Trainee: 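Following this message is one structure expressed as structure tokens.
To find a chain, count down the sequence lines: A is the first, B the second, and so on, and within it residues start at 1. Keep in mind the model is a prediction, meaning the values are calculated, not measured.
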2 protein chains.
Amino acid sequence: MSIKHVILGYLSWQPLTGYDLKKIIAASETLPWSANNNQIYRALVQLHEDGWVSKMVENQEGAPDRHVYRATDAGRKALRDWVQTPPGPPQSKKAFLHQLMWGDCLEGEQVDSLLAAYLEEVNNKVFLLRVQADRKPDTPDRTPREAFLWKSICQNWIGQYEAEAHWIRETRRALQENAPRWG
Amino acid sequence: MSIKHVILGYLSWQPLTGYDLKKIIAASETLPWSANNNQIYRALVQLHEDGWVSKMVENQEGAPDRHVYRATDAGRKALRDWVQTPPGPPQSKKAFLHQLMWGDCLEGEQVDSLLAAYLEEVNNKVFLLRVQADRKPDTPDRTPREAFLWKSICQNWIGQYEAEAHWIRETRRALQENAPRWG
DNA sequence: GATGACATGTAATTCGTTACATGATTCC
DNA sequence: GGAATCATGTAACGAATTACATGTCATC
């Protein structure tokens with residue numbers, strides 16, 4: 001039920017509609033949700049039921065009404081409580097490593113080209129993260145410390161993918177060095 | 001549908017029962033499934049329907065029958081095809097970073113102790129991964145290359161968590177240095 | 001005339017987790 | 001007597017994805 005809190009976080013920063021949130025989540029390289037309406041709109045209904053957000057309907061002409069949500073005081077309190085919950089370790093799904101576990105059934109060159117393709121994917125991620133880090137419309141920086149935290153979080157993601165890229169290069173090198181000995 | 005292929009991989013290495021697989025998955029720090037029976041036994045049924053594994057029932061006295069599965073030739077072929085599918089980027093869920101995004105609503109010391117708790121979690125993960133790397137009952141090494149691949153994959157995971165630990169230390173240091181300026 | 005942005009939502013389906021259910025044996 | 005291991009499976013629920021559904025306006 002973390003998406004509720006993530007949404008609550010953004011609503012504690014500024015009033016937003018479901019559609020705004022959808023765009024934010026879709027544009028983000030680091031929010032692990034697919035920006036599907038179902039989850040977002042249901043989360044907003046639940047947050048409203050919990051009294052953590054308030055809702056205001058803005059009538060528009062020739063367009064659907066905008067349902068604008070913002071965090072209430074109770075919501076801000078709930079957010080602070082959640083922020084302080086004991087952190088769990090990060091959890092990664094590296095499907096490629098599961099493929100590579102059985103890579104010994106392939107030829108050496110095939111393994112190498114898989115690693116090359118993986119490197120491209122990872123480099124592309126780094127690129128997208130850097131782009132996202134540069135333009136910041138969806139980034140709060142109400143205090144220097146908040147700005148630092150967000151920059152720092154962004155660096156975390158970039159660093160992770162760079163570490164992955166480094167591992168790929170090292171692994172390819174080692175495989176190539178040993179290729180003569182083990183096909 | 002990746003769990004099917006992961007299971008198929010293990011069955012291409014050696015014959016196993018659902019219960020064996022459950023233990024392997026539960027013991028693994030890197031397989032992102034919770035070793036629930038439901039998924040495992042359904043996957044085995046499906047793999048059998050696909051003709052990718054064969055099933056042999058071993059009668060036992062005073063204990064339930066063992067349903068031993070092993071990969072068929074068709075299964076090995078399907079595995080090879082899957083191993084060669086284009087790799088996707090790794091995907092991580094770092095719930096803590098989502099908490100930290102709104103960490104500016106806390107005091108400096110609270111943020112620091114959150115980071116300290118996160119560091120402990122991450123260090124613990126590194127420890128568990130190292131332990132798992134040392135004793136290898138569930139690790140195939142039919143060829144030097146396979147042994148290398150598995151070791152390499154293990155290093156990947158350790159490296160990732162070590163990078164995370166490094167980031168935490170850097171972030172704490174930076175926050176402490178700036179604490180006088182920004183509360 | 002088609003595509004895409006704006007803006008709301010629902011339905012169908014799959015994926016994943018927890019808990020339930022059974023039953024013998026062994027170890028503490 | 002109670003817990004753990006062996007060994008199979010099912011049920012109930014929750015989380016997540018994809019696709020469906022509607023309607024206006026602006027742009028190409």
Trainee: For Tyr19(B) and Asn36(A), take the nucleotide of DNA chain D holding the closest heavy atom to each; which residue's nucleotide lies nearer the 5' end?
Mentor: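 Its nearest nucleotide being more 5', the pick is Tyr19(B).
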
Trainee: Could you check whether Lys77(A) pairs with Asp81(A) (Lys NZ or Arg NE/NH1/NH2 to Asp/Glu carboxylate O, under 4.0 Å)?
Mentor: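 Looking at Asp81(A) together with Lys77(A), the answer is yes, because their closest N to O distance falls below 4.0 Å.
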
Trainee: Give a yes/no on whether any side-chain N or O of Tyr41(B) is located under 4.0 angstrom from OP1 or OP2 of dG9(D).
Mentor: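 Looking at the OP1 and OP2 atoms of dG9(D), neither is under 4.0 Å from any side-chain N or O of Tyr41(B).
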
Trainee: Side-chain N or O of Lys93(A) versus OP1/OP2 of dG16(C): is the shortest distance under 4.0 Å?
Mentor: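 For dG16(C), OP1 or OP2 has a side-chain N or O of Lys93(A) closer than 4.0 Å.
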
Trainee: Given dG9(D), dA16(D), dC6(C), which nucleotide is nearest the side-chain atoms of Lys23(A)?
Mentor: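 For Lys23(A), the side-chain atoms sit closest to dC6(C).
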
Trainee: Given atom CD1 of Ile3(B) and atom C1' of dT17(C), what is their separation to the nearest angstrom?
Mentor: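 In whole Å, dT17(C) C1' lies 12 Å from Ile3(B) CD1.
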
Trainee: Counting side-chain heavy atoms from CB outward, which of dA7(D), dA16(D), dG16(C) is closest to Trp33(A)?
Mentor: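 Output: dA16(D).
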
Trainee: What integer distance in Å separates Asp20(A):CG from dC6(C):C1'?
Mentor: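 Checked: the CG to C1' distance equals 10 Å.
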
Trainee: Given atom CD1 of Ile40(A) and atom C1' of dA19(D), what is their separation to the nearest angstrom?
Mentor: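 Whole-Å distance recorded here is 15 Å.
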
Trainee: Return the value, rounded to whole Å, for the distance between atom CD of Gln39(A) and atom P of dT18(D).
Mentor: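 Nearest whole value for this atom pair: 11 Å.
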
Trainee: Roughly, in whole Å, what's the span from NE2 in His48(A) to P in dT8(C)?
Mentor: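 In whole Å, dT8(C) P and His48(A) NE2 are 14 Å from each other.
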
Trainee: In the structure I gave you, are the side-chain heavy atoms of Pro90(A) and Val122(B) within less than 4.5 Å of one another anywhere?
Mentor: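 When only atoms from C-beta onward are counted, Val122(B) and Pro90(A) do touch, with a gap below 4.5 Å.
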
Trainee: Under the 3.5 Å rule, do the base of dT8(C) and the side chain of Asn37(A) count as making a donor-acceptor pair?
Mentor: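 Result: at least one qualifying N/O pair found.
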
Trainee: Just N and O in the side chain of Lys22(B): are any of them under 4.0 Å from OP1 or OP2 of dC6(D)?
Mentor: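 Indeed not, no polar side-chain atom of Lys22(B) lies that close.
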
Trainee: With a 4.0 Å cut-off on N to O distance, would you call Glu121(B) and Lys125(B) a salt bridge?
Mentor: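 A salt bridge is absent here (no side-chain N lies under 4.0 Å from a carboxylate O).
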
Trainee: Do Asp65(A) side-chain and dT8(C) base share a donor-acceptor contact under 3.5 Å?
Mentor: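 Flag unset: no donor-acceptor pair detected.
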
Trainee: Report the relative orientation of the aromatic rings in Trp167(A) and Tyr118(A); use parallel for angles under 30°, tilted for 30 to 60°, perpendicular for over 60°.
Mentor: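 The rings of Trp167(A) and Tyr118(A) stand perpendicular, inter-plane angle above 60°.
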
Trainee: Roughly how many Å is it from CD in Glu58(A) to P in dT8(C), rounded to a whole number?
Mentor: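 Value for this atom pair: 10 Å.
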
Trainee: Measure from the side chain of His67(A), starting at C-beta and using heavy atoms only, and say which of dT8(D), dT18(C), dG9(C) lies closest.
Mentor: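 The nucleotide sitting nearest to the side chain is dG9(C).
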
Trainee: To the nearest angstrom, how far is Ile24(A) atom CD1 from dA5(C) atom C1'?
Mentor: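 It is 16 Å, rounded to the nearest whole Å.
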
Trainee: I want to check something: taking the side chain as every heavy atom from C-beta on, are Lys94(A) and Glu164(A) in contact at a cut-off of under 4.5 Å?
Mentor: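 Yes. Closest side-chain heavy atoms under 4.5 Å.
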
Trainee: Can you measure Leu16(A) atom CG to dC6(C) atom C1' for me and round it to whole angstrom units?
Mentor: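 Between C1' of dC6(C) and CG of Leu16(A): 15 Å.
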
Trainee: 5'-most contact on DNA chain C: Arg66(A) or Asn38(A), nearest heavy atom basis?
Mentor: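 Nearest nucleotide further toward 5': that of Arg66(A).
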
Trainee: Please determine if a side-chain N or O atom of Thr17(A) lies less than 4.0 Å away from the OP1 or OP2 oxygen of dA7(C).
Mentor: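 No.
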
